[in-house]
Amino acid sequence: MYVLRRLPSLLATLFAVSLLTFLMTSLLPGDPALQILGAENATPEAIAEVRAELGLDDPLPVRYLAWIGDALTGDFGRSYRTSEPVAEAIIDRLPVTAEVGILAIIIALLVAIPVGMLSAYRAGTRTDKIISSTSFGLLAVPNFMVAIFLILIFSVTLGILPATGWVNFTDDPVQNLRSALLPALSLAIAEMAVYTRLLRTDMIATLQQDFVTMARVKGVSNRRILFRHALRPSSFSLMTVAGVQVGAIIGGSVVIETLFALPGVGRLLLDSVVQRDLLMVQGVALVIAVSYVVVNFTVDILYSYLDPRISHGRSAARV
């Protein structure tokens, strides 16, 4: 029932996302036909042909309805520069971005959960201050600076990981992991700091709850209290933020994929913007935006199952 109640808001959000994506790419200054052809080939006849092919002479609402109608069937059109179907270009490159993003979130959580728990358990001590200061410092470092630093250490100095290039998982799983590790680390470090600080704050509050005090009175070990009693109620906010941070991962992938020469969706978007490939930009932007909305919707649903008070509370509010 909770899923069905949330479904209209999901559909409304997806509609708004598609409309904004179309408007932002359609209302850019300049004539896309002129940008595509270039100054040398931009004769009036050629410009008119390109505008007719892209439907640029139609009213904006008509263009949007035609575009979203085709998009719902999986047809995003063809790139005017490469003649490649936009959907195929995205599908070919999406696994690269997805793998790097998922690996970044996994790395961030694997490090942040134990470090955040340690910081909360040692709250106010030197250990806690070191962890908190380090996390705060990492938040201020842009991911492209982290990427350059990692390349300098692991590729240039140590020579143990490649600085550029990509190997598909089906070709060589080990080399695939090696090619994905540095980009994933570049994205993970900032997320790691966010997760650590968030979990520390929530767990400190949880450790002061009555049920934790009762567990200590009963002689339950600190390890069991941390992992069995305190971690789960403290992880709800962490899970929500992890879903929200998908947007940051996707946004960061544009720069990271360019630095590491990865054939991902982020690099495809950047190249398409530079080349003024209008249909490719619209398709990639829509897929990224929809992915972000769907992931956050999924996290919201999982949150309600982990904490039933969410769905029950909203139902009671309606009554």
Side-chain angles (χ1 to χ4, degrees), residues 90 93-116 119 130-167 176-201 237-274 281 284-285 287-289 291-293 295-296 299:
I90 295 173
R93 293 162 176 79
L94 190 59
V96 178
T97 301
E99 180 180 345
V100 172
I102 292 172
L103 185 59
I105 292 176
I106 291 174
I107 293 173
L109 289 175
L110 287 177
V111 175
I113 289 176
V115 173
S119 182
I130 292 174
I131 293 174
S132 298
S133 299
T134 303
S135 300
F136 185 77
L138 292 176
L139 286 173
V141 183
N143 53 27
F144 70 88
M145 290 297 298
V146 174
I148 294 173
F149 182 71
L150 293 176
I151 290 173
L152 181 63
I153 294 178
F154 294 101
S155 298
V156 177
T157 304
L158 300 178
I160 58 177
L161 290 174
T164 59
W166 180 262
V167 178
N176 170 262
L177 181 60
R178 294 182 72 247
S179 62
L181 193 55
L182 282 186
L185 276 173
S186 302
L187 293 171
I189 287 179
E191 308 307 316
M192 192 185 305
V194 173
Y195 300 161
T196 299
R197 292 176 64 85
L198 180 65
L199 183 60
R200 172 192 177 275
T201 302
S237 299
L238 178 62
M239 185 182 67
T240 303
V241 171
V244 173
Q245 290 299 102
V246 169
I249 294 290
I250 294 174
S253 69
V254 175
V255 177
I256 295 302
E257 288 176 5
T258 302
L259 281 174
F260 289 96
L262 302 181
V265 173
R267 188 179 178 189
L268 175 64
L269 177 61
L270 181 62
D271 292 342
S272 300
V273 170
V274 172
V281 172
V284 175
V287 169
I288 291 176
S291 301
Y292 177 70
V293 172
V295 167
N296 281 276
V299 170

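Counting begins at 1 with the first residue of the sequence.
To the nearest 0.5 Å, atom OG1 of residue T258 and atom CZ of residue F260 are 11.0 Å apart. Here the CZ atom belonging to F149 is positioned 15.0 Å from the CZ atom belonging to F144, to the nearest 0.5 angstrom. Interatomic distance, E191 CD to L139 CG, rounded to the nearest 0.5 Å: 9.0 Å. Note: R267 CZ to I256 CD1 = 13.0 Å, rounded to the nearest 0.5 Å.
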Please list, one pair per line, the donor and acceptor atoms closer than 3.5 Å that link side chains of residues 179-188 to other protein atoms, with sequence neighbours excluded.
from, atom 1, to, atom 2, distance (Å)
S179, OG, Q175, O, 3.2
S179, OG, N176, O, 2.8
S186, OG, L182, O, 2.8

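Side chain of T196 to backbone of G116: no donor-acceptor contact under 3.5 angstrom is found. In this structure, R200 contributes its side chain and V115 its backbone to no donor-acceptor pair below 3.5 Å.
Counting all heavy atoms, side chain and backbone alike, V281 lies closest to V273 at CG2-N, 3.7 Å. V284 and I90 make their closest contact through N-CD1, 3.7 Å (heavy atoms, listed as atom of the first residue, atom of the second, distance). Taking both residues in full, the closest heavy atoms of V111 and M192 are given as CG1-SD, 3.3 Å, listed atom of the first, atom of the second, then distance. The minimum heavy-atom distance linking S132 with S119 is given by the pair OG-OG, 4.1 Å.
Using a 4.5 Å heavy-atom cutoff, the side chains of I153 and L158 are in contact. V100 is listed as a side-chain neighbour of W166, based on a closest heavy-atom distance under 4.5 Å. Contact check for N143 versus I189: no side-chain heavy atoms found under the 4.5 Å cut-off. Between L109 and Y195, the closest side-chain pair of non-hydrogen atoms falls below 4.5 Å. Considering only heavy atoms from C-beta on, L103 comes within 4.5 Å of L177 through its side chain.
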CA sep, side-chain torsions, deciding dist, call: L138, T134, side-chain contact (heavy atoms from CB on, under 4.5 Å): CA-CA 6 Å; L138 292 176; T134 303; 4.2 Å; yes

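In this view, T97 and E257 satisfy the side chain to side chain donor-acceptor pair (under 3.5 Å) rule, not counting sequence neighbours. In this structure, R197 has no salt bridge (Lys or Arg N to Asp or Glu O under 4.0 Å) partners at least two apart in sequence or on a different chain.
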